[in-house]
Asks: 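Below are the structure tokens for one structure; questions will follow.
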Amino acid sequence: MEKPQLFAEIKKKVRQIVDGTNNMNDIYCAIVKLLDEKIPYYDWTGFYFMKEGELVLGPYVGKPTEHVRIQVGQGICGQAAAKRETIIVDDVAQEDNYLACSLETKSEIVVPIEVDGEMIGEIDIDSDQLAAFDDQDADLLEYIAQLIAEKVRSVRSS
Ligand code: SME
């Protein structure tokens, strides 16, 4: 299946997941499972959430990581949290400020999740392929981050 069609289907499924429950943990688990199953080059797919000023590992699919807590500014995840913007790294071997999860990882994308100006967490994907992520991946993951932000806002106010 072509990437635009696949990503459109995934967006639809994510919306169904988000609309289907108010249990945020169930939503996060279902989203990482869906992305891992549908996109072959997503080799580590997970969430980090801001807790007490640090990024703390949330639900993920992939090999266990030693990076359970990450300081803001540290690694790709910490840089995305500090800048509050999507970061795509085509070749992690060229990146000085990088925390290695697995030796097989070649490229990474991190997308922050913001609710009313507050950085609540991020989506982090690693690929074993070089330069695996493009604007379409950024668009898909930013869409998911937006749906999550809207849901968190509505659950908080209910
Ligand atoms: N590579 C990340 C650390 C998290 S692992 O990819 C799961 C980083 O540099 O922040």
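The figures here come from the full heavy-atom set of this structure, side chains too, leaving out hydrogens, waters and symmetry mates.
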Asks: If hydrophobic clusters are built by linking Ile, Leu, Val, Met, Phe, Trp and Tyr wherever their side-chain heavy atoms come under 4.5 Å apart, do Leu55 and Val152 end up in the same one?
Replies: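 No, Leu55 does not connect to Val152 through the hydrophobic network.
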Asks: Counting heavy atoms not belonging to Lys38, are there more than 12 under 6.0 Å from its NZ?
Replies: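 No, not enclosed.
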Asks: Could you tell me if the side chain of Arg69 sits less than 4.5 Å from the side chain of Gln74, heavy atoms only?
Replies: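 Of all side-chain heavy-atom pairs linking Arg69 with Gln74, none is under 4.5 Å.
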Asks: Are Asp126 and Tyr42 close enough that a side-chain donor and a side-chain acceptor fall under 3.5 Å?
Replies: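 Checked: Asp126/Tyr42 side chains show no N/O donor-acceptor pair below 3.5 Å.
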Asks: Quick check against the 3.5 Å criterion: does Arg153 have a side-chain atom that pairs as donor or acceptor with the backbone of Ile148?
Replies: no
Asks: To the nearest 0.5 Å, tell me how far Ile10 CD1 sits from Ile31 CD1.
Replies: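 Answer rounded to 0.5 Å: 11.5 Å.
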Asks: If you define the side chain from C-beta out and look only at heavy atoms, does anything of Val32 sit under 4.5 Å from Phe47?
Replies: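 A side-chain contact under 4.5 Å exists here.
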Asks: Can you say whether the rings of Trp44 and Tyr60 are parallel (under 30°), tilted (30 to 60°) or perpendicular (over 60°)?
Replies: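 Aromatic pair Trp44/Tyr60 classed parallel.
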Asks: Determine, for Asp19 against Lys151, whether the closest basic-nitrogen to carboxylate-oxygen distance falls under 4.0 angstrom.
Replies: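 A salt bridge is absent here (no side-chain N lies under 4.0 Å from a carboxylate O).
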Asks: Can Thr86 and Glu142 be counted as having a side-chain donor-acceptor contact under 3.5 angstrom?
Replies: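 Yes - a donor-acceptor pair under 3.5 Å links their side chains.
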Asks: According to a 4.5 Å side-chain heavy-atom criterion applied to Ile, Leu, Val, Met, Phe, Trp and Tyr, with indirect links allowed, do Ile109 and Leu6 form part of one hydrophobic cluster?
Replies: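 Yes, it is one cluster - the side chains of Ile109 and Leu6 are joined through contacts under 4.5 Å.
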Asks: Hey, is the main chain of Ser127 close enough, under 3.5 Å, to the side chain of Thr105 for a donor-acceptor pair?
Replies: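 No; zero donor-acceptor contacts below 3.5 Å.
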Asks: Atom CD of Gln79 and atom CD1 of Ile87: how far apart are they, to the nearest 0.5 Å?
Replies: 5.0 Å
Asks: When rounded to the nearest 0.5 angstrom, what distance separates CG in Asp43 from CD in Glu104?
Replies: 8.5 Å
